[in-house]
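Taking it in order: structure first as structure tokens, then the write-up.
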Amino acid sequence: MQYWLMKSEPDEVSIDDALEASDQTVPWTGVRNYQARNFMRDAMQVGDGVLFYHSSCPQPGIAGVAEVASTPYPDDTQFDRKSKYFDPKATRENPRWMLVDVKAIRKTRLVTLDELRSHADLGGMQILKRGNRLSITPVTPDEWRHIARLL
DNA sequence: GCCAACGTTGGC
DNA sequence: GCCAACGTTGGC
């Protein structure tokens, strides 16, 4: 069992959108970074805990709790010419981008970046590091427990 | 909209 | 394999 923080732009998929989806589950489409892909493809297990993070919005922060709900499979948007996530170098035989399904468990109060920064125990979180851009990052069990108490 | 940080691309 | 140029991310 591992823990993860996954960023989503609420304009695209918010925690509310995920909760309203069928089975409260959404495919985590659009990741086009190899490190983030590798986490989904190689490291995630069904049932892993997920902090659902809202980014690129007026109030960035942790907005909900979710879990990994599938094994990895190809991200369909890479094959769709009309999608902004289309990748001309990807083929069905040789997909480049893999994803997992994420099942929303519950919406939480918004734990903002400022609040996260105010907790010394969370100082090591990747999301708080300068220049961090990775949309999926591992969360340690200690960080998970600490954040769970804030929610 | 700005811009620092960082990933990717491609010429060499 | 280096590295400059370019593109993207994401908080502010």
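Worth knowing before you read on, the calculation uses all heavy atoms, side chains too, and leaves out hydrogens, waters and symmetry mates. Here is how names work: the chains are called A, B, and so on, in the same order as the sequence lines, proteins then strands, and each is numbered from 1.
Below the 3.5 angstrom threshold, one finds a donor paired with an acceptor across the side chain of A:Arg133 and the base of C:dT8.
Look at CD on A:Gln35: it is 18 Å from P on B:dA5, rounded to the nearest Å. Here C:dG10 presents its C1' atom at 8 Å from OH of A:Tyr53, a figure rounded to the nearest Å. Atom-to-atom, CG of A:Asp87 to P of B:dT8 comes out at 12 Å; the value is rounded to the nearest Å. Remark: P of C:dG10 and CD of A:Gln126 are 13 Å apart, rounded to the nearest angstrom. In this entry the distance linking CH2 of A:Trp97 with P of B:dG7 reads 13 Å, nearest Å. Note: NZ (A:Lys129) to P (B:dG7) measures 13 Å, nearest angstrom. Between A:Arg117 atom CZ and C:dG10 atom P the separation is 14 Å, expressed in whole Å. Rounded to a whole Å, the CG atom of A:Asn33 is 6 Å from the P atom of B:dT8.
Taking 4.0 angstrom as the limit, A:Tyr34 places none of its side-chain polar atoms (N or O) nearer than this to OP1 or OP2 of B:dC6. At the phosphate of C:dG10, OP1 or OP2 sits under 4.0 Å from a side-chain N or O atom of A:Lys7.
The existence of a salt bridge linking A:Asp121 and A:Arg145 is excluded, since no basic side-chain nitrogen approaches an acidic carboxylate oxygen closer than 4.0 Å.
If you look at A:Trp28 and A:Tyr85, their ring centroids are not closer than 6.0 Å. Here A:Tyr34 and A:Trp97 bring their ring centres to under 6.0 angstrom of each other.
The A:Ser55 side chain lies nearest to C:dG10 when the options are C:dC12, B:dG10, C:dG10. The side chain of A:Arg96 approaches B:dT9 more closely than any other nucleotide in the set C:dC12, B:dT9, C:dG10. In the set C:dG10, C:dC12, B:dT9, C:dG10 carries the atom at the smallest distance from any side-chain atom of A:Ser56.
In this structure, the side chains of A:His146 and A:His119 come closer than 4.5 Å at one or more pairs of heavy atoms.
Nearest approach of A:Trp4 to A:Val68, heavy atoms of both residues: CD1-CG2, 4.4 Å.
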